[in-house]
Amino acid sequence: MPELPEVETIRRAIEPLISGQHLINLELRDPSILRGDTSTLRSSIIGKLVTGVSRRGKQLLLVLEGGWAIVIHLRMTGALLLEEPDPSRRVRAVLHLSNGTRLYFNDIRRLGTIALVKDLDGCCRRLGPEPLTGDFTPDILRQCLAGHRIPVKAALLDQHIVAGVGNMYADEALYEANIHPLTPANELSPGQISRLWEAIRAVLQRAIACQGASIATYALPSGERGTAHNLFNVAHKKDAPCPRCGTPITRVMVRKRGASFCPSCQQPGNHLG
DNA sequence: CCCGGAACCTGAAGGC
DNA sequence: TGCCTTCAGGTTCCGG
């Protein structure tokens, strides 16, 4: 599933190909994926210069001249491909650039969305902090989690608390920080906050270096697969031995979401350090 | 604010 | 073999 490392990998791949080009056409093969005031906005972005490609959380932002932007969210099964896939029946939209580059928005389940926005700041304002920027400190993380009695696993998945972390990397970060997923977010000790902060950043950076995790349908724009899943300790590892202690990895449901963890290394009430 | 549940969506996997 | 149910997971919305 595309989380922050996967979206960042896609951003890095397409940025040099489309930045500085003009958007010739936004071909909508399945108009239902488009969000926002469609007809007016669509006509106002055609022909615009793409000034850059950025990312906010799991959202890919194609920034256009004049304050416009195309905001792409891949959700579960979305992909941006440089070549038309075969079969092509799941291509929902195609972006045509002035240098001939085409970006195929492929999405099996049609949960992914494309939004055309004028107010980029406004559309990202509700997201929590970016975990890989310099202003994300342990104290910022502490502030984000304060006041939330919900399980820390659920808090990490809430994009309004921290942006970009999804199910896989939340499980990996909690494992690396030795924190039980059901620990109330506002009951983490200073030491746990500090370890979790470090773990979130390490897990995400490592995954970016591996160009993302291709557990299911995720692929780079080139069609290649990422290799970050080879580093996973707990995510999608139910019943496998914990790399540290050998205890089989357990999977439980936390607020209707699967949570994989080591029941020995990540015990509740581990307020050590 | 806090929480649970449903909805969106399709393909894989499991039960019978 | 085939039908049926469940699950997977990101996000939003709605009700208590």
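First the proteins, then the strands, lettered A, B, ... as listed; each starts at 1.
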Asker: More 5' along DNA chain B: A:Ser32 or A:Pro151, using each one's nearest nucleotide?
Answerer: A:Pro151
Asker: Name every residue in residues 83-91 of chain A that has at least one heavy atom under 4.0 Å from any atom of DNA chain B, in order of residue number, or write none if there are no such residues.
Answerer: A:Arg89, A:Arg90
Asker: Just wondering, do A:Cys242 and A:Asn233 contact through their side chains at under 4.5 Å, heavy atoms?
Answerer: no
Asker: Please classify the nucleic acid contact of A:Leu111 as base, sugar-phosphate, or nothing, using heavy-atom distances under 4.0 Å.
Answerer: base
Asker: Transitive ILVMFWY cluster of A:Met253 at side-chain heavy atoms under 4.5 Å: who else is in it?
Answerer: none
Asker: Tell me whether A:Arg244 forms a cation-pi arrangement with A:Tyr175, defined as NZ or CZ under 6.0 Å from the six-membered ring centre and within 45 degrees of its axis.
Answerer: yes
Asker: Drop me the distance from A:Asn106's CG to A:Arg89's CZ, to the nearest 0.5 angstrom.
Answerer: 10.0 Å
Asker: Considering just the side-chain nitrogens and oxygens of A:Arg251, establish if one lies under 4.0 Å of OP1 or OP2 belonging to C:dA8.
Answerer: yes
Asker: Please give, in whole Å, the distance from B:dC9 P to A:Leu74 CG?
Answerer: 17 Å
Asker: Axis-to-axis angle across the helix from B:dC2-C:dG16 to B:dC16-C:dG2, five pairs an end, to 10 degrees?
Answerer: 60°
Asker: Measuring from atom CD of A:Gln159 to atom CZ of A:Arg126, what distance do you get when rounded to the nearest 0.5 angstrom?
Answerer: 11.5 Å
Asker: Could you state the atom-to-atom distance from CD of A:Glu3 to P of C:dA8 in whole Å?
Answerer: 15 Å
Asker: Taking atom CZ of A:Arg92 and atom CG of A:Leu28, what is their separation to the nearest 0.5 Å?
Answerer: 12.5 Å
Asker: Tell me the interatomic distance from A:Arg110, atom CZ, to B:dC8, atom P, rounded to whole angstroms.
Answerer: 11 Å
Asker: In whole Å, what is the span from the CG atom of A:Leu157 to the P atom of C:dT11?
Answerer: 9 Å
Asker: Under 4.0 Å, heavy atoms only, any strand: does A:Met253 hit a base, just the sugar-phosphate, or nothing?
Answerer: sugar-phosphate
Asker: Using side-chain heavy atoms (C-beta onward) and a distance below 4.5 Å, is A:Asn25 in contact with A:Ile46?
Answerer: yes
Asker: Among the nucleotides B:dC2, C:dT11, B:dG11, which one has an atom lying closest to any side-chain atom of A:Gln159?
Answerer: C:dT11
Asker: Are more than 12 heavy atoms, taken from residues, nucleotides or ligands other than A:Arg11, located less than 6.0 Å from that residue's CZ atom?
Answerer: yes
Asker: Is there a donor-acceptor pair under 3.5 Å between the side chain of A:Gln266 and the backbone N or O of A:Ser264?
Answerer: no
Asker: Donor-acceptor pairs under 3.5 angstrom involving side-chain atoms of residues 204-215 of chain A: please list them, not counting sequence neighbours.
Answerer:
residue  : atom : partner  : partner atom : Å
A:Arg206 : NH1  : A:Glu176 : OE1          : 3.1
A:Arg206 : NH2  : A:Glu176 : OE2          : 2.8
A:Ser214 : OG   : A:Tyr218 : O            : 2.8
A:Ser214 : OG   : A:Gly226 : N            : 2.9

Asker: Once rounded to the nearest 0.5 Å, what's the spacing between atom CD1 of A:Ile70 and atom CG of A:Leu64?
Answerer: 5.0 Å
Asker: Could you measure the distance from the CD1 atom of A:Ile161 to the CG atom of A:Leu156? Nearest 0.5 Å is fine.
Answerer: 8.0 Å
Asker: Do A:Asp139 and A:Thr137 have a side chain donor and acceptor closer than 3.5 Å?
Answerer: no
Asker: Could you list all N or O pairs between the protein and nucleotides 12-16 of chain C that sit under 3.5 Å apart?
Answerer:
none

Asker: At 4.0 Å (heavy atoms only), tell me whether A:Gly147 reaches a base, stays on the sugar-phosphate, or touches nothing.
Answerer: sugar-phosphate
Asker: Is there any protein nitrogen or oxygen under 3.5 Å from a nitrogen or oxygen in nucleotides 4-6 of chain B, and what are the pairs?
Answerer:
residue : atom : partner  : partner atom : Å
B:dG4   : OP2  : A:Arg255 : NE           : 2.8
B:dG4   : OP2  : A:Arg255 : NH1          : 3.3

Asker: If we only count heavy atoms from C-beta on, is the A:Thr247 to A:Cys265 side-chain gap below 4.5 Å?
Answerer: no
Asker: Given atom NZ of A:Lys238 and atom C1' of C:dC7, what is their separation to the nearest angstrom?
Answerer: 14 Å
